[in-house]
Amino acid sequence: MVLRAIEGCDGSGSSANGTVLDAGFSQKWDSAYLNPGTTTTDSERFSGTIIYPTAYNAYYDVYINDEPEEIACGLYIKPNKWSPARKPNFVIFKCRTSSSSTWFHLEVSISSRDILVRRNGGQSDPIISNVLEPYQWNLIELKTKIHATTGYWYIYVNGILVGSETNVDTLYLGPFDRFRFVLSSRFASYGDAYLLDLTGAQNNDVLGSFHIQGIFPSANGTNSDWTPSANADNYTLVNEAPPDEADYVESNTPDEQDLYNYEDLTGTWDEIFGIQMNTRLFLDSAGSETASIICDSNGTEDSANFTVDSTTIGYSGEHAFQRIIAIDPDTSNAWDTAGIDAAQFGIKFI
């Protein structure tokens, strides 16, 4: 596993309110709070919708229960005010522990044009001064190792290394099994984000400049076995933004499969780091069911099973499962635009 999470803020529509945002992110991520908040379009980001939170405690968590020592992450952020009009010291990244809601191993904050790093539960490190531009998108990336003696952190802004410390204590009370993207300032806009570990042969370092583009089902694919909730093509019932629970496809028959063709990518893509399939599942009765989330690339099928039960289902009986596929299963190489445009994605009842 390398890429752990991708977020483009693009599944909630162009003007979602806090209730819609909070529900969508709570269904998608392990823990989240985004109410109040809104989305809007931004022509500078492929993702199209950007979060403008109005609460000081907005966030979404990625659980990393295998406790990797080393991770990298990135977030596009646009500060909207000069100091002193801006709220000072708002957090953007937090390497956390499940042992406490307040303890942290490493925390990265913004204050005006500066970046601040705190480690080991609160020890302050040098301030990285005058590295952010207001009213512009800044890509802030962190690479860190959580360790009592050989810990380190590196901060990059728009691909340039702006600060670091090595061989320091970054471990504080408990495991490193939670990572938090904090969207806590009303004086900033937030865009695309990623989280990865440093293992594997690809995507094992900070990515540098990147875009996330959300695409949706645009036609039925090879199989349309699931039963639609209305007299319509199956794909039209699963391609809404934000999702509409009134429309759906359903199955309880083993091996029934739905595949969908998706919209083509737009723009020019020099390198594609991976795709994330977001699939919302609802368990309509007590018990447990298993579904397989499928990628079909040129006839080569790649699938992974997900169990839906009272443990995995979270908010309001529905949960959004993510599958990240970094390599085209048909070519065993990185994805290219033609491969994604031709691929089909869908689900099978197991």
Side-chain angles (χ1 to χ4, degrees), residues 1-7 22 25-26 28-34 53 55-75 77 87-111 114-128 140-156 161-185 188 190 193-200 204-206 311-312 314-315 322:
M1 179 179 286
V2 181
L3 274 171
R4 300 289 186 120
I6 301 170
E7 179 56 67
D22 191 38
F25 272 70
S26 295
K28 184 175 182 181
W29 300 112
D30 298 292
S31 177
Y33 179 74
L34 285 162
Y56 288 151
N57 56 346
Y59 70 89
Y60 58 97
D61 281 348
V62 182
Y63 289 4
I64 45 177
N65 295 324
D66 57 332
E67 303 173 27
E69 282 190 340
E70 297 175 288
I71 61 97
C73 63
L75 173 68
I77 185 168
K87 176 192 173 191
N89 299 359
F90 59 90
V91 179
I92 57 170
F93 301 137
K94 184 175 286 191
C95 298
R96 297 183 52 238
T97 171
S98 57
S99 302
S100 168
S101 61
T102 58
W103 294 351
F104 62 87
H105 306 293
L106 192 82
E107 184 181 80
V108 178
S109 304
I110 290 176
S111 179
D114 305 338
I115 296 177
L116 297 81
V117 180
R118 293 197 301 160
R119 57 181 173 85
N120 194 234
Q123 179 175 334
S124 294
D125 288 319
I127 296 173
I128 308 169
I140 303 175
E141 293 178 285
L142 164 70
K143 180 167 68 173
T144 186
K145 180 180 181 180
I146 305 302
H147 195 275
T149 57
T150 61
Y152 64 73
W153 59 263
Y154 298 88
I155 296 289
Y156 303 80
L161 179 65
V162 296
S164 65
E165 273 197 323
T166 59
N167 295 318
V168 293
D169 183 2
T170 55
L171 183 66
Y172 183 77
L173 298 178
F176 173 36
D177 56 5
R178 302 285 187 270
F179 184 87
R180 174 166 292 184
F181 291 98
V182 187
L183 315 178
S184 63
S185 176
Y190 299 88
Y194 74 85
L195 174 70
L196 56 81
D197 62 48
L198 305 190
T199 64
N204 54 12
D205 205 340
V206 292
T311 300
T312 57
Y315 192 99
Q322 284 76 245

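Quick note: residue numbers are just sequence positions, from 1.
No side-chain heavy atom of V91 sits less than 4.5 Å from a side-chain heavy atom of Y59. Side-chain contact between S109 and F90 is absent, with no heavy-atom pair separated by less than 4.5 Å. Between L196 and L3 there is a side-chain heavy-atom pair separated by less than 4.5 Å. Counting heavy atoms from C-beta on, the side chains of I77 and I92 come closer than 4.5 Å. With a 4.5 Å cut-off on side-chain heavy atoms, T97 and L173 do not count as touching. Residues L106 and V117 form a side-chain contact, since some pair of their non-hydrogen atoms from C-beta on lies under 4.5 Å apart.
For the pair H105 (side chain) and Y172 (backbone), a donor-acceptor distance under 3.5 Å is present. Looking only at distances, no side-chain donor or acceptor of D197 sits under 3.5 Å from a matching main-chain atom of I71.
Rounding to the nearest 0.5 Å places CD1 of I115 at 8.5 Å from CZ of F93. Taking OG from S184 and CD1 from I110, the interatomic distance works out to 9.0 Å, rounded to the nearest 0.5 Å.
When every heavy atom of F181 is checked against every heavy atom of Y194, the shortest pair comes out as CZ-O, 3.3 Å. When all heavy atoms of P68 and F176 are compared, the closest pair comes out as O-CD2, 3.1 Å. The minimum heavy-atom distance linking L171 with G174 is given by the pair CD1-O, 3.9 Å. Across every non-hydrogen atom of V2 and G200, the tightest pair is CG2-CA, 3.9 Å. Closest heavy-atom contact between A32 and D22: O-OD1, 3.8 Å.
Among the candidates D61, D66, D30, the single residue satisfying the salt bridge (charged side-chain N to carboxylate O under 4.0 Å, His left out) test with R4 is D66. With respect to F25, the ring-ring contact (aromatic ring centres under 6.0 Å, His included) criterion is satisfied by exactly one of Y60, Y190, Y33: Y60.
For the 3.5 Å distance criterion, the side chains of K145 and T170 fail to qualify, holding no donor opposite an acceptor. T150 and N167 form no side-chain donor-acceptor contact under 3.5 Å, judged by distance and modelled atom types alone.
By the salt bridge (charged side-chain N to carboxylate O under 4.0 Å, His left out) test, E70 pairs with no residue at all, sequence neighbours left out. A search for salt bridge (charged side-chain N to carboxylate O under 4.0 Å, His left out) contacts involving D169 returns nothing, not counting sequence neighbours. Not counting sequence neighbours, Y156 has no partner by the side chain to side chain donor-acceptor pair (under 3.5 Å) test. In this structure E165 satisfies the side-chain contact (heavy atoms from CB on, under 4.5 Å) test together with R119, D125, P126, W153, V168, sequence neighbours excluded. Residues forming a side chain to side chain donor-acceptor pair (under 3.5 Å) with T149 (at least two apart in sequence, or on another chain): H147. Looking at residues two or more places apart in sequence or on another chain, you find no side chain to side chain donor-acceptor pair (under 3.5 Å) involving T166. Scanning for side-chain contact (heavy atoms from CB on, under 4.5 Å) contacts around R118 gives F104, E107, S124, with sequence neighbours left out. By the side-chain contact (heavy atoms from CB on, under 4.5 Å) test, A5 is found to be paired with W29, V62, L195, residues two or more places apart in sequence or in another chain being considered. The salt bridge (charged side-chain N to carboxylate O under 4.0 Å, His left out) test applied to E141 returns no partner, not counting sequence neighbours. Residues that satisfy the side-chain contact (heavy atoms from CB on, under 4.5 Å) test with I127, not counting sequence neighbours, are D114, L116, S129. For D177, the salt bridge (charged side-chain N to carboxylate O under 4.0 Å, His left out) test picks out no residue, with sequence neighbours left out. Remark: Y152 pairs with Y154 by the ring pair (Phe, Tyr, Trp, His ring centres under 6.0 Å) rule, at least two apart or across chains.
By the 6.0 Å and 45° rule, R178 stacks over the aromatic ring of Y63.
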Checklist entry - What do the steps show when you test L161 against I155 for side chain to side chain contact (heavy atoms under 4.5 Å, CB included), and what is the final call? => result CA-CA 6 Å; L161 179 65; I155 296 289; 5.8 Å; no
